[in-house]
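Below is one structure, written out as structure tokens; the observations come after it.
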Amino acid sequence: MDRLENIETFVRVAQTQSFAEAARQMRVAKSVVTSRVKQLEDHVGAPLFHRSTRVVRLSDVGQAFLRDCTELVGRANDIMDQMRDARAGPTGTLRIHALTGFVLGHFATLLRAFQVNFPDIHLELIVSDAVVDPVKAGVDCALQIFPAASTELVSRSLFPVRRVFCATPEYLRTHGTPESPRDLHKHTLGLYSGYPTRDRWTFHHAGEQVTMYMSAALLTNSVHLLREYAMEHAGVVCLPTLVAGDSILRGDLQVVLPEHQLSSFSLSAVYAGTSRNAFKLRLFIEHLTAAFTRVPPWDAAMIDRGLLPEALIADA
């Protein structure tokens, strides 16, 4: 029996908590996954999972061996990738899940440069604002602002994601400009529904904090829709600077309460340490990391114009 293959199958079932999903991701029949796990259990002499019609969970023995098996599979995949790529260069497909707000307007140039350097790596990009577990979703990496869903996942920070409240100059002339965070309650608000802090908003100013709960006239999971909503002079919206930066620099949108900062999040690459494409994935993440400094270019331009403070407040 191929013990390494069986161990990899065991790890995939443990991560996905599903024999069927593990089979889908490994592109084999479910019976093959079942057989491999059974062979491993016979070798160990104990069940690795407790199974029912609805739940697959690790046994005590399975739990005891999972971490070591995960590290073994990750290291083996990395070695095999390096051996193949040393001979012929990196090849194959990388599946990436990415936030819409990051991809539109900023990502195509990075993808093109990566494919110029590694023409035999094919990219499959799934774009949405959904929060995914990369293992259960069957992708090699998720680019997201949410923390990793489990300790089995690796999270590598790429750059900070700042947020600002903004509106069109025409809206502010008609309805007035907020002078304090509490003035936002008097305005029509458009808010993003997907931030980890939900409807709790904390403003930082002169060493003090103001935390408020705000309701929105428009609550959506699309930051691009929020930008269009603001451009219709409909209200004050909160946008990440990576989406709003160009409009603010052109003067189409104006930052509201620039001295009252919101905390920032980190856009991170989240992935499993056991990725079958570990070497190719490392090349991709290193490419992204090299493209961004501590201050991403859309923020740097706004800081140079005095539209953003240079100091950064990280999410607590």
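Not measured: the values here are computed from a predicted model. Along the sequence shown, residues are numbered consecutively beginning with 1.
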Do the two ring centres, one from Phe102 and one from Phe159, sit under 6.0 Å apart?
yes
If every non-hydrogen atom of Leu125 is compared with every non-hydrogen atom of Ala98, which pair is closest and at what distance?
CD1-CB, 4.3 Å
If the condition is ring pair (Phe, Tyr, Trp, His ring centres under 6.0 Å), which residues does His287 pass it with, not counting sequence neighbours?
Phe114
Determine whether Glu179 and Lys186 satisfy the following criterion, salt bridge (Lys or Arg N to Asp or Glu O under 4.0 Å), listing intermediate values before the conclusion.
CA-CA 11 Å; Glu179 296 182 359; Lys186 305 173 185 177; over 6 Å; no
Of Val132, Leu143, Val127, the residue whose pairing with His97 passes side-chain contact (heavy atoms from CB on, under 4.5 Å):
Val132
Working note: Arg156 + Ser268, criterion side-chain contact (heavy atoms from CB on, under 4.5 Å); need CA distance, chi angles, decisive distance, verdict.
CA-CA 5 Å; Arg156 182 166 176 181; Ser268 300; 6.0 Å; no
Which distance, rounded to the nearest 0.5 Å, do you find between the CG of Asn6 and the CG of Asp42?
10.0 Å
Counting only heavy atoms not in Phe65, do more than 12 fall under 6.0 Å of its CZ?
no
Checking side-chain contact (heavy atoms from CB on, under 4.5 Å) for the pair Arg95/Ile126: CA distance, chi angles, key distance, verdict?
CA-CA 8 Å; Arg95 300 187 75 235; Ile126 298 93; 3.7 Å; yes
To the nearest 0.5 Å, atom OH of Tyr171 lies from atom OG1 of Thr177 at 9.5 Å
Check the side chains of Arg12 and Gln25 for a donor-acceptor pair under 3.5 angstrom, ignoring hydrogens and angles.
yes
Under a 4.5 Å side-chain heavy-atom rule over Ile, Leu, Val, Met, Phe, Trp and Tyr, are Phe292 and Val270 clustered together?
no
Check step by step if salt bridge (Lys or Arg N to Asp or Glu O under 4.0 Å) holds for Glu21 and Lys136.
CA-CA 7 Å; Glu21 178 60 21; Lys136 294 181 179 179; over 6 Å; no
Which pairs, with at least one residue in residues 205-235 and sequence neighbours excluded, count as a ring-ring contact (aromatic ring centres under 6.0 Å, His included)?
His205-His260
Name all residues meeting the ring pair (Phe, Tyr, Trp, His ring centres under 6.0 Å) criterion together with Phe10; count only those two or more places apart in sequence or in a different chain, and write none if there are none.
Phe49
Chi angles and distances behind the side chain to side chain donor-acceptor pair (under 3.5 Å) call for Thr241, Asp299:
CA-CA 7 Å; Thr241 52; Asp299 284 353; 2.5 Å; yes
Starting at OG1 of Thr34, measure out to NZ of Lys38 and round the result to the nearest 0.5 Å.
11.0 Å
CZ of Phe165 to CG of Leu262: how many Å apart, nearest 0.5 Å?
5.5 Å
Rounded distance [0.5 Å steps], CZ in Arg227 versus CD1 in Ile248
10.5 Å
